[in-house]
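A quick note: this is a predicted structure, and the numbers were derived from the prediction, not measured.
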Amino acid sequence: MSVPTAVLPALPHWETTPDDLRAAVREVKAALRARIAASGRPVEEVFAVVEQRVAAQVAEIAAESERGEPVWPVIDYADIAAGTVSPELLAKLQRRGCAVIRGHFPREQALEWDAAIVDYVERNRFFETYRGPGDDFFGTVGSKPEIYPIYWSPAQMQARQSERMARVQAFLNGRWRHESEGVTWFEPDRDCLYPDRIRRRPPGADSAGLGTHLDPGTLDLWMTRANQAAFRHLFDGTVEQYDPWDAAHRTAGPQYPGSTMTSVFRTFQGWTALSDMDHDQGVLHTVPIPEAMAYLMLRPLLADVPEDDMCGVTVGKVFPANEQWHPLLMNAVTGIPDVRAGDSVWWHCDMVHGVAPVTDQKGWGNVMYIPAAPWCPRNADYAVQVREALRSGASPSDFPAEHYERTWDGRFGVDDLSAVGRRGLGL
Ligand SMILES: [Fe+2]
């Protein structure tokens, strides 16, 4: 029996980063626990419900792996274009929260883009002028970067503003519930054009990879009014109704700033492969369980976590997922299958992900980061900044202010925008 939400104790909230983080963590944790308890079950019981559901998924994934079945859904672009993706595959996408889109672009097209990017950076003497990593998150690479802080090459923009990209983004946005409570939280058929970087990792490379983490926010996930509403079912006794595909309250609220923050709401994070990559060459891994977010959000409220600690989550750092606090989830970490140039890879914005280490990499490991970021108030705000950055060739405001391309020859210009590109920038 659930208690009406209105009679539950209200939660304190901070619409900007609290001055005293530890005090705020103590306060919000106590309030969340009190609210959950008042709804009829203590937090331990609510967490146990979530743990059981997630454990069932972990077991399912282990069984699939053991049988040699693909854990990641693989969807043919042609089926998305024709509207013929099978109900079974759609259900699997919903359950796993991630997918590879085969043949999103013709392989030749992707290889051409890869070569065009090399030409663009070499022509503009990028390697001679490169000043080292501009942020701490990817700051482990050597003098020649693997992550190129390059945003405005014609190749990247052609992919972002292509009909094929728009079609896949609309398909992926459509997995979410975008209307409820009389509000249209986002427009599934219109994406906001989000410029991000590229990665080019050469043959023979050694890479330590990237630890498992998630990107939707940090302490603001528990502390802002909008996020408390977005995760309401976890805190008001209705945890069984928690739906990781519900966009309610996720597309307009404030975020706490940080070096790893993304200003936009993304239904899926994603990249497009510009080279062939085998599954054992330091590729992306996820915990392919969208419901795991409930586990990650409730875990810090248990008694074994220090009162002023959110399982290591704090502002200005990525949200870590690890053996210490989330051993159950770590059992389900699963890599992508082999991909070819022109395939794309997508994962739900709340999902735990990381990059496996590799030594002496075989072949290239090249990707363009392009997410699905549907039009909504938050993304429309950011589009204003993107338009400005496109005009001047600046680094977009979500990224370090490196601004390599301002004077570069052959940069993509406003006049080169297609109808999809203009729509994605609000022009
Ligand atoms: Fe990430």
Side-chain ([X]) to main-chain ([Y]) donor-acceptor, under 3.5 angstrom:
X: H104; Y: R164; result: yes
X: N366; Y: R201; result: yes
X: E405; Y: W152; result: yes
X: Q156; Y: I150; result: yes
X: T184; Y: F186; result: no
X: R422; Y: L417; result: yes
X: E44; Y: L302; result: no
X: H285; Y: V283; result: yes
X: D309; Y: P306; result: no

Side chains of Q161 and S418: is there a donor and an acceptor less than 3.5 Å apart?
yes
H348 and W245 aromatic ring geometry - parallel, tilted or perpendicular at 30°/60° bounds
perpendicular
Once you measure the plane-to-plane angle for F399 and Y151, does it fall in the parallel (<30°), tilted (30-60°) or perpendicular (>60°) bin?
tilted
